[in-house]
Amino acid sequence: MPGVTRLSVRNIRKSFGTHEVLKGISLDAEDGDVISLLGASGSGKSTFLRCINLLETATDGEIWVDGEQIRMIHKGGTSRPASQKQVDHIRSELGMVFQSFNLWSHMTILQNVIEGPVHVLKRPRAECIAEAEVLLKKVGIADKRHAYPAHLSGGQQQRAAIARALAMKPKVMLFDEPTSALDPELVGEVLRVMRALAEEGMTMLVVTHEMSFARNVSNRVVFMKEGLVESSGTPDEMFGGAATPAFRQFIGHFGTGQ
Amino acid sequence: MPGVTRLSVRNIRKSFGTHEVLKGISLDAEDGDVISLLGASGSGKSTFLRCINLLETATDGEIWVDGEQIRMIHKGGTSRPASQKQVDHIRSELGMVFQSFNLWSHMTILQNVIEGPVHVLKRPRAECIAEAEVLLKKVGIADKRHAYPAHLSGGQQQRAAIARALAMKPKVMLFDEPTSALDPELVGEVLRVMRALAEEGMTMLVVTHEMSFARNVSNRVVFMKEGLVESSGTPDEMFGGAATPAFRQFIGHFGTGQ
Amino acid sequence: MDFAFLFQTMTTLLKAVPMTLALFSLSIIVGGLLALLIVWMRVGGNPVLSAFAKGYIFVFRGSPLLIQMFLVFYGLGQFGFIRYSFLWPFLREPFVCAVLSLALCTAGYSAEIFRGGIRAVSPREIEAARSIGMSGALLVRRILAPVAFRHALPAYSTEIVLMMKSTALASLVTVWEVTGVAQRLISQTYRTMEVFLCAAIIYLVLNFIILQAMSLLEYSLSRHRRAIPPALKA
Amino acid sequence: MATLELIGFGSTGWGALLLLAALVTLCVTASALAIGAVLGAIIAAAKLSGKTSLVAIGNVYTTVFRGVPELLIIYLIYFGGSSAVTSIGKAMGYEGFLGLPSFLAGALAVGIISGAYQAEVFRGAYLAISKGELEAANAIGMNRGLRFRRVIIPQVLRFAIPGLGNVWQLSLKDSALISVTGLAELMRTSQVAAGSTRQYFLFFIVGGILYLVLTSLSDRIFNGAERRANRSMPTAAMGKA
Amino acid sequence: KDWRTATITLEGAYAPWNMTNADGTLGGFEPELAKILCERAKIECKLVASDWDGMIPALNAGKFDVIMDALSITDDRKKVIGFTIPYAATPAAFATAKDSPLAKAAGTGATIKMTPGQTGVKEVDALKEAFKGKTIGIQAATVYAKFVYDNFGDIAEIREYKTGADRDLDLQNGRIDLGFDDAVYFANAFQSANDSLAFTGPEIVGPIWGEGEGLGVRQADTDLRDKFNEAIKSALADGTVKELSMKWFKVDVSPQN
Ligand SMILES: Nc1ncnc2c1ncn2[C@@H]1O[C@H](COP(=O)(O)OP(=O)(O)OP(=O)(O)O)[C@@H](O)[C@H]1O
Ligand SMILES: Nc1ncnc2c1ncn2[C@@H]1O[C@H](COP(=O)(O)OP(=O)(O)OP(=O)(O)O)[C@@H](O)[C@H]1O
Ligand SMILES: [Mg+2]
Ligand SMILES: [Mg+2]
């Protein structure tokens with residue numbers, strides 16, 4: 001059902017102390033959207049993602065997930081969610097994949113994947129295991145299901161983290177630089193999985209430095225600069241003639257090393 | 001003085017247990033040579049570099065640094081250097097830059113850089129500090145000289161590691177994937193420093209996955225496969241029509257993700 | 001509360017504090033040096049020395065100090081060859097024996113603590129040092145020891161406090177430090193609680209000072225680990 | 001040989017009593033460790049709570065019980081505890097003396113001390129948990145209780161094992177001091193045997209050996225537990241020094 | 001209280017006064033005497049072993065009712081607990097290594113009687129001459145310690161031990177030259193030291209050591225004390241104490257007054 005708004009962010013602001021990192025960002029993601037978030041280091045990309053699933057509480061603004069608004073209490077300059085229960089529920093609908101994987105080191109890969117469905121969603125264990133095995137096969141690490149995270153390569157860990165997030169059947173997936181901690185050889189594996197997800201119609205928000213992903217996989221590119229959306233558009237618009245000078249300079253920088 | 005052989009490796013072999021990782025590799029580097037070592041993961045690139053400066057002892061073969069042969073004792077299948085003193089001396093002539101920086105965490109950047117000159121080469125401290133500051137300026141982190149490694153970004157740490165190696169005034173620099181642990185944004189900084197070194201005529205041996213570096217900066221490309229040199233030549237030869245099928249397949253792989 | 005009695009007890013006990021401190025500081029120094037020797041045997045490649053060090057650590061960590069001290073003081077003298085050796089003039093002295101057995105015991109513990117510190121040194125940083133031509137004593141002095149010591153410090157502070165409390169056993173061998181004097185007072189007055197309370201306060205103060213000093217040392221040695229100072233923030 | 005007979009199991013041998021005493025030492029130490037685990041967990045939680053008053057309480061506890069000689073604490077619990085129980089008895093109408101059994105008093109005293117050490121072990125273990133893994137738990141919508149049960153507890157236990165091994169060793173030797181309560185544990189039985197037979201060296205050496213046996217048994221258990229817990233850790237990839 | 005039952009404590013490690021057998025039961029002079037005293041006082045007694053260090057506080061805390069552990073009746077102790085009349089009074093003497101030059105000092109084999117604070121005794125002055133510059137070991141906080149400090153403190157080095165047994169070992173090791181203690185205790189200790197130690201100088205008896213060894217009870221329990229007083233009187237009168245004493249000590253320790 002394309003056209004349904006899965007995620008809607010209105011005018012999000014976030015300050016750390018006196019330092020305003022996000023200065024009012026809005027964004028809508030509809031079903032099947034794959035949005036690339038680009039921007040220089042420190043421009044607030046990670047903070048933005050973390051505000052969406054409330055790992056940070058935004059100082060101001062509204063967040064709607066699948067039509068439900070996250071209720072916030074704003075009082076005297078600080079704000080906090082009104083209901084921890086709602087936060088837990090919203091989070092279970094948003095899959096997050098961290099740059100540094102953050103797999104639970106004391107659980108095997110399979111246990112990592114079924115942890116959320118079994119204990120947060122309280123679904124039957126056997127069913128979850130069956131689904132988890134399908135997911136692990138999909139990301140190509142089914143043979144590692146009984147290994148511990150520490151015994152996997154970076155690329156394998158990252159794919160396990162994706163499987164873990166997918167197992168919650170989230171409405172929207174948030175990726176924070178999913179490949180930047182990987183050896184160049186492993187980047188390919190992870191990008192292949194993400195591309196497959198995009199083709200299946202998963203709504204995704206991806207902070208990335210991989211221009212080829214932004215250009216070829218996503219259907220929208222958002223360029224952030226100093227806590228604001230500097231420009232956004234389809235990949236063709238952004239990488240084509242319509243690029244703003246700031247974005248042009250930004251992607252120019254990527255040309256040098258590679 | 002171009003034409004002087006700085007480093008000469010003859011028929012190096014290395015086994016771990018029964019697994020032979022290097023199966024006889026030879027290589028010569030003359031003054032000002034910049035050699036890129038390419039190869040798939042596990043092909044033995046790191047092991048080769050580590051054998052050269054004796055962090056691993058090769059099972060067989062000869063190593064000459066600046067005309068001096070490293071004396072080895074081969075006895076009953078194992079081998080070890082004949083003189084620790086010579087090893088220390090040779091190592092002080094070979095600069096090594098590790099993939100994971102390996103800065104000494106209990107010292108500031110400046111202390112890291114002068115550690116070798118002051119304590120290994122036993123040169124006057126004041127002189128070493130003056131030189132270190134020049135080096136740090138050259139790699140662009142002079143303002144961080146009193147910071148500790150933990151407080152620096154990856155790119156800054158990597159550049160500090162290069163400065164540390166350069167402070168020993170080595171005859172040859174060995175780089176082991178100097179950029180693969182870095183965010184794409186930081187890769188550029190480090191490659192710029194290496195390019196500058198190459199232009200000054202430093203002899204370098206660089207294990208890398210950065211094809212643009214191999215192609216544009218180095219004057220020789222060595223492609224390793226399963227512990228042997230599969231092919232080697234100038235960048236033009238290697239990336240041009242003369243590429244072997246194996247190398248062509250290898251570089252094809254890099255195209256996918258980026 | 002009988003404050004006159006408490007005051008008198010405190011005065012008597014405070015007179016024994018120099019003896020406690022002497023036992024403590026000497027055994028920490030001797031024990032520390034011994035621990036370095038043991039840990040060198042333990043991690044250096046020689047299998048015989050390593051096995052010896054392992055055995056040493058096992059015995060001295062695994063059995064009560066009371067028994068060790070008893071055997072050192074009363075036991076060594078049972079052997080004629082020790083009694084008639086050049087060592088006897090030293091071993092004859094109760095104070096020497098007390099320090100010796102405290103040091104032997106703490107050496108076992110400290111060696112394990114130091115070994116933990118050494119294991120915490122990143123092998124990569126050691127490789128980096130080798131790669132610029134460091135080896136042997138230079139490597140130990142410049143890279144291994146400073147980092148290992150910093151890592152070992154918290155555990156070592158605990159061990160030092162334990163040592164302070166262990167000096168209490170020295171009265172077994174006729175060295176009358178604070179606890180011994182307290183016990184003697186008790187067997188004269190039978191006011192167990194009051195006397196021990198005074199002793200407890202003395203130990204608490206001594207240990208508090210030691211812990212503060214150690215955490216100050218720890219703080220000054222961990223500049224490289226502290227949160228990024230604002231001036232350096234990107 | 002007379003010596004062998006003395007430590008043997010015959011009618012004049014102390015073997016049985018000594019083994020029994022070793023068992024008592026083992027039980028006291030194990031109970032103390034269990035008591036200390038509960039106290040340690042509470043104190044560690046207080047110290048980690050960030051609330052100034054709780055942190056202060058935690059700090060006072062760990063400073064006092066690590067800084068005061070163990071013997072004093074044992075006296076305090078043994079006599080102080082008894083008079084407390086007696087006065088409670090009086091209040092409830094029971095005339096006469098109600099003692100804290102020496103086993104309980106000893107285990108409580110050593111447990112309170114080991115609680116101070118365990119608090120530090122647990123605190124260190126908690127701090128060793130990767131922040132990212134805690135965030136990952138939040139990110140899939142785990143509530144506080146679930147996160148505590150599923151992620152924090154298993155990891156704290158894993159990181160705490162080596163430290164707990166040390167605390168066990170300390171408690172084992174602290175238990176030697178509760179001989180003042182008259183409990184026939186290993187230290188007291190060795191001393192009684194020595195005093196009754198006047199074979200001081202023999203029984204102190206045998207006592208020492210039995211302590212070493214207890215140590216090596218517990219070492220084995222803790223090493224096993226550590227290996228089990230470390231299945232999920234990277235295989236010790238220590239480089240050559 | 002009618003005292004039909006009572007708990008008696010002793011260390012169980014002070015042979016031959018009291019000790020523990022290998023089967024865990026208590027034996028020695030005091031356990032046997034206790035049995036007789038309890039029978040005569042018509043009290044059902046339970047003997048429990050406990051540590052010497054905690055004995056008096058534990059008595060007052062109520063953990064047991066009677067201490068019977070070679071406890072000398074002294075003024076200091078009288079301040080905190082009550083005592084029965086003595087059931088034993090023992091002489092004290094110096095001991096040294098058999099092959100020591102100090103062996104067989106003047107007065108060896110003789111017995112002298114002293115009162116508290118008495119000075120100018122010629123036998124003691126003779127010893128003072130002989131022991132000049134030597135090291136004397138004593139058990140801390142005993143009446144014997146006070147005697148040695150008072151009479152030899154100015155001419156000899158004095159070393160205090162926590163237990164007599166430790167001191168005996170050092171006497172054998174040669175770390176100290178002399179020991180001073182209860183002669184009955186010493187006699188037994190010599191046996192286990194393979195007779196390498198021996199008495200030297202005279203045995204000293206009399207009120208200087210206080211009234212002797214009695215049972216310790218709580219000060220409030222005068223009725224219990226009285227019952228035991230009667231029992232002790234009768235056991236002394238009919239020679240039961242002497243009999244037991246000869247059995248365990250080879251000498252008679254019943255108080256002579
Ligand atoms: N917890 C925090 N406290 C204070 N400042 C913070 C905190 N987290 C982030 N910041 C600051 O907010 C700014 C934005 O950080 P953020 O991590 O969102 O950047 P980013 O765009 O993700 O950069 P990168 O590409 O390097 O990951 C930075 O200047 C950073 O220093
Ligand atoms: N210490 C060791 N013990 C046993 N095997 C080893 C050791 N070090 C390396 N190897 C093996 O040697 C082979 C070559 O390793 P090496 O690290 O040299 O590869 P590489 O070419 O540097 O790969 P990468 O690009 O992944 O760094 C690998 O199969 C590896 O498993
Ligand atoms: Mg970020
Ligand atoms: Mg490598």
Side-chain angles (χ1 to χ4, degrees), chain A residues 46 49-50 52-56 65 83-109 111-122 146-153 157 160-161 164-170 173-174 176 181, chain D residues 37 41 44 48-51 121-165 222-239:
Chain A
S46 297
L49 280 201
R50 295 167 58 81
I52 293 176
N53 73 352
L54 288 121
L55 289 175
E56 306 281 358
V65 177
S83 149
Q84 184 60 41
K85 213 161 160 180
Q86 191 198 25
V87 169
D88 288 340
H89 168 69
I90 294 278
R91 279 176 176 163
S92 71
E93 300 201 325
L94 293 170
M96 175 97 172
V97 180
F98 298 86
Q99 171 175 354
S100 44
F101 329 139
N102 297 355
L103 292 170
W104 296 305
S105 50
H106 61 299
M107 299 180 184
T108 63
I109 297 307
Q111 286 167 341
N112 261 282
V113 175
I114 64 171
E115 181 68 19
V118 172
H119 289 100
V120 177
L121 305 180
K122 307 215 184 309
H146 295 308
Y148 286 96
H151 301 153
L152 261 53
S153 79
Q157 287 188 42
R164 177 175 69 177
L166 288 175
M168 297 292 289
K169 298 190 179 154
M173 289 279 279
L174 311 173
D176 192 0
Chain D
L48 287 165
S49 70
K51 288 208 183 72
V121 170
F122 288 146
R123 197 170 65 95
Y126 178 81
L127 293 177
I129 301 178
S130 130
K131 281 240 159 39
E133 291 182 32
L134 296 180
E135 275 198 344
N138 281 337
I140 65 161
M142 284 192 179
N143 58 37
R144 287 170 64 100
L146 198 55
R147 192 178 70 151
F148 187 71
R149 186 159 59 81
R150 300 289 308 169
V151 180
I152 294 177
I153 292 273
Q155 299 228 32
V156 164
L157 287 183
R158 181 181 78 189
F159 291 129
I161 290 172
L164 288 181
F222 278 102
N223 286 344
E226 198 175 334
R227 243 196 319 276
R228 250 183 77 87
N230 280 352
R231 273 176 319 184
S232 59
M233 300 306 282
T235 33
M238 285 288 297

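As the structure is a prediction and not an experimental result, all values here were calculated from the model. So that the names make sense, note that chain A is the first sequence line, chain B the second, and so on, each numbered from 1.
- Minimum heavy-atom separation, D:Ala139 to A:Met96: CB-CB, 4.0 Å.
- Note on A:Gln84, A:Met168, A:His119: by heavy-atom pairs under 4.5 Å with chain D, the leading option is A:His119.
- Around the OH atom of D:Tyr126, the shell of radius 6.0 Å holds no more than 12 heavy atoms that belong to other residues, nucleotides or ligands.
- Taking both residues in full, the closest heavy atoms of D:Ala136 and A:Asn102 are given as CB-O, 3.4 Å, listed atom of the first, atom of the second, then distance.
- With rounding to the nearest 0.5 Å, the separation of CZ in A:Phe98 from CD in D:Glu133 is 11.0 Å.
- Although no hydrogens or angles enter the test, the distance criterion places no donor-acceptor pair under 3.5 Å between the side chain of A:Trp104 and the main chain of D:Val151.
- The minimum heavy-atom distance between D:Arg158 and A:Ser105, with the atom names listed, is NH2-OG, 3.1 Å.
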*Go through the steps for A:Glu115 and D:Met142 under the test side-chain contact (heavy atoms from CB on, under 4.5 Å), then give the verdict.*
CA-CA 10 Å; A:Glu115 181 68 19; D:Met142 284 192 179; 3.4 Å; yes
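- Both the backbone and the side chain of D:Ile140 have a heavy atom closer than 4.5 Å to some heavy atom of chain A.
- Heavy atoms of A:Leu55 lying under 4.5 Å from chain D belong exclusively to its side chain.
- Note that CG of A:Leu54 and CG of D:Asn138 are 10.0 Å apart. Values are rounded to the nearest 0.5 Å.
- Taking D:Lys131, D:Gln155, D:Arg150 one by one and counting their heavy-atom pairs under 4.5 Å with chain A, the maximum is reached by D:Arg150.
- Using a 4.5 Å cut-off between heavy atoms, A:Leu121 does not touch chain D at all.
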